[in-house]
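First up is the structure itself, then whatever we jot down about it.
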Amino acid sequence: MKKVVLAFSGGLDTSFCCIYLSKDLGMEVHSVVINTGGFSAEEIKNIEARAYELGVKSHTTIDETEDYYRDTIKYLIFGNVLKNATYPLSVSAERVCQATAIANYAKKIGAACVAHGSTGAGNDQVRFDMIFNTLIPGVEIITPIRDLKLSREAEIEYLGKHGFPYSAEKAKYSINKGLWGTSVGGAETLTSNQYLPESAWPTAVTSTEPQTITVDFEKGEPVALNGNKIGPVAVIQQLQDLAQPYGIGRDIHVGDTIIGIKGRVGFEAAAPLILVKAHHTLEKHTLTKWQLSWKDQIAGFYGNWMHEGQMHDPVMRDIEAFLASSQETVSGRVIVELHPHRFVIIGIESAHDLMNNEFGSYGEMNEGYTGDDVKGFSKIFGNQTIIWHKVNNKG
């Protein structure tokens with residue numbers, strides 16, 4: 001009997017895969033859930049119970065939350081990465097972390113096959129397949145939902161026939177929660193002109209009174225919230241709990257999938273959006289013009305290449321080294337004001353602030369040069385443009 005490791009979440013797709021792999025293909029199923037900060041202890045317990053109910057040979061939970069931050073999220077913050085200036089790569093980043101952990105687990109238990117519940121329409125199929133091909137070449141990849149071209153209705157019917165009824169209402173929206181945000185997919189996101197209803201969002205809007213908070217960064221990493229030094233993962237988690245009830249960070253991302261079609265996905269990611277914007281503001285005060293310029297170009301590539309599952313391309317390690325080097329002076333406190341459905345970056349406090357009055361004030365005075373210096377500089381700086389106009393505008 002072939003041993004297969006199944007990437008398991010307890011949802012509709014992976015529940016179908018459990019039954020199909022064991023009953024139809026006669027395989028020994030070893031399910032594994034990778035916790036990237038999106039599951040509570042109770043949810044983890046329920047997922048394990050669900051796996052054994054579905055008849056798996058073994059079930060394992062691997063907590064990758066700290067590694068997920070250290071290996072992935074940290075660099076998204078360093079790069080201020082928002083795909084299409086909107087999306088903090090909540091699912092994209094999570095999937096490369098999960099696929100890597102699943103590949104390592106399959107290698108550890110000597111599995112002949114690995115399976116995932118991706119459909120044939122989205123990005124996850126490419127991310128999982130590519131990382132498995134890279135890290136565990138020779139291990140067979142099985143994708144029942146994609147191969148059988150199943151609808152959600154067909155999956156529900158199949159599970160029902162095997163004695164595992166699944167609520168159609170429960171399957172109405174696909175929710176994926178992780179440390180770096182929650183994605184929401186449903187009928188509305190399959191259109192171009194509909195927005196998700198209030199009931200689809202996992203977190204209800206219950207906070208209405210404005211609130212001022214502070215986030216402290218050390219070398220680009222968020223280490224303290226409201227003066228409490230708790231470490232990056234806890235900052236993200238507690239900031240999410242604090243800000244998400246305001247309805248901050250809700251949006252719908254429209255993007256290009258790896259396989260060349262347009263796609264929409266809803267997401268709520270209050271902490272990621274606040275941290276990226278707060279970090280970027282701090283950088284604008286503490287980095288030079290050309291540091292900021294090159295970071296924008298490199299980080300854009302980094303985010304896109306991660307989104308497309310190419311996390312194990314060695315160029316990513318090179319870019320990470322650049323991003324980490326750029327954070328040497330990105331330390332200080334950012335003041336943020338929370339309001340219903342929005343937030344405001346009030347300002348920053350940093351020993352590395354280049355808006356230092358010792359050297360002058362923008363638009364008023366400068367201690368580093370004289371007016372005559374500027375006259376000479378302006379002639380030299382614009383010299384080639386002046387020559388071009390003299391040569392070409394003879395009339």
Side-chain angles (χ1 to χ4, degrees), residues 68-94 96 123 180-181 215-223 232 235-236 239 248-249 251-258 265 267 269-336 342-350 352-356 362 381:
Y68 179 32
Y69 169 78
R70 187 191 67 242
D71 297 338
T72 309
I73 292 174
K74 178 174 72 175
Y75 297 104
L76 296 178
I77 296 173
F78 288 177
N80 308 310
V81 176
L82 294 175
K83 187 166 176 61
N84 290 2
T86 304
Y87 179 49
L89 298 183
S90 304
V91 175
S92 321
E94 187 176 71
V96 297
N123 293 315
W180 204 232
V215 180
D216 294 353
F217 290 85
E218 289 182 3
K219 295 187 176 181
E221 297 192 63
V223 297
V235 167
I236 296 167
L239 179 56
I248 292 169
D251 206 344
I252 291 184
H253 167 59
V254 182
D256 297 289
T257 65
I258 305 167
V265 63
F267 65 91
L273 287 181
I274 290 169
L275 289 173
V276 164
K277 294 296 186 181
H279 175 266
H280 193 204
T281 300
L282 184 60
E283 279 195 327
K284 287 188 282 188
H285 281 264
T286 58
L287 296 185
T288 65
K289 174 173 68 175
W290 291 112
Q291 282 180 298
L292 291 166
S293 176
W294 280 106
K295 276 189 75 270
D296 283 348
Q297 296 174 63
I298 290 174
F301 174 88
Y302 183 86
N304 191 60
W305 214 217
M306 177 187 289
H307 170 74
E308 299 192 348
Q310 292 281 8
M311 199 58 184
H312 294 283
D313 187 328
V315 73
M316 299 296 271
R317 308 292 82 77
D318 300 330
I319 295 172
E320 287 164 1
F322 174 90
L323 291 173
S325 173
S326 73
Q327 299 302 293
E328 193 64 30
T329 61
V330 186
S331 297
R333 171 167 290 182
V334 184
I335 303 111
V336 184
R342 66 185 179 92
F343 65 94
V344 180
I345 306 293
I346 302 298
I348 70 105
E349 299 167 357
S350 173
H352 303 281
D353 189 357
L354 299 180
M355 277 188 64
N356 191 318
Y362 177 70
F381 190 55

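- Qualifying side-chain hydrogen bond (donor to acceptor under 3.5 Å, both in side chains) partners for Ser92, counting only residues two or more places apart in sequence or in other chains: Arg127, His307.
- No donor-acceptor distance shorter than 3.5 angstrom exists from the side chain of Tyr302 to the backbone of Glu320, with no hydrogens or angles considered.
- Residue pairs satisfying the salt bridge (Lys or Arg N to Asp or Glu O under 4.0 Å) criterion with at least one member in residues 285-298, sequence neighbours excluded, are listed as follows: Glu283-Lys295.
- Proximity of a side-chain donor or acceptor of Ser326 to a complementary backbone N or O of Leu323 within less than 3.5 Å is detected.
- Residue Asp256 holds its CG atom at 7.0 Å from CG of Asn84, rounded to the nearest 0.5 Å.
- Among all heavy-atom pairs drawn from Leu239 and Ile274, the shortest one is CD2-CG2, 4.0 Å.
- When all heavy atoms of Ile248 and Phe343 are compared, the pair lying nearest together is CG2-CD2, 3.6 Å.
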Derivation and outcome, side-chain contact (heavy atoms from CB on, under 4.5 Å), residues Asn304 and Gln310
CA-CA 9 Å; Asn304 191 60; Gln310 292 281 8; over 6 Å; no
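- For the pair Ile345 and Val334, the minimum side-chain heavy-atom distance is below 4.5 Å.
- Of all heavy-atom pairs spanning Ala269 and Ser90, the tightest one is CB-OG, 4.2 Å.
- Of the possible donor and acceptor atoms, one in the side chain of Trp180 sits under 3.5 Å from a partner among the backbone N and O of Pro88.
- Counting only distance, with no hydrogens or angles, the side chain of Asp353 and the backbone of Ile348 share no donor-acceptor pair below 3.5 Å.
- Between the Asp216 side chain and the Val223 main chain, no donor and acceptor come within less than 3.5 Å of each other.
- Residues Lys277 and Leu82 form a side-chain contact, since some pair of their non-hydrogen atoms from C-beta on lies under 4.5 Å apart.
- Put simply, the residue from His279, His352, His280 that forms a ring-ring contact (aromatic ring centres under 6.0 Å, His included) with Phe217 is His279.
- Annotation: side chain of Trp294 is not in contact with side chain of Leu287 (no heavy-atom distance under 4.5 Å).
- Remark: Lys219 NZ to Gln327 CD distance equals 11.0 Å, nearest 0.5 Å.
- The line from CD of Glu349 to NE2 of His285 is 11.0 Å long, rounded to the nearest 0.5 Å.
- The neighbour count for Phe301 CZ, taken as heavy atoms of other residues, nucleotides or ligands under 6.0 Å away, is above 12.
- For the atom pair OG1 (Thr257) and CG (Asn123), the distance works out to 5.5 Å, reported to the nearest 0.5 Å.
- A distance of 8.5 Å separates CE in Met316 from OG1 in Thr72, rounded to the nearest 0.5 Å.
- A ring-centre distance under 6.0 Å is not found for His253 and Phe267.
- Between Ile236 and Leu275, some side-chain heavy-atom pair lies under the 4.5 Å cut-off.
- If you take NE2 on His312 and CE on Met306, they are separated by 10.5 Å, rounding to the nearest 0.5 Å.
- For residues 68-90, every residue pair satisfying the salt bridge (Lys or Arg N to Asp or Glu O under 4.0 Å) rule, not counting sequence neighbours, is listed here: Asp67-Arg70.
- Here the side chains of Val91 and Val265 are not in contact, with every heavy-atom distance at 4.5 Å or above.
- A pairwise comparison of heavy atoms in Val330 and Leu282 identifies CG1-CD2, 3.8 Å as the closest pair.
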Evaluation steps, side-chain contact (heavy atoms from CB on, under 4.5 Å), between Ile319 and Phe78:
CA-CA 11 Å; Ile319 295 172; Phe78 288 177; over 6 Å; no
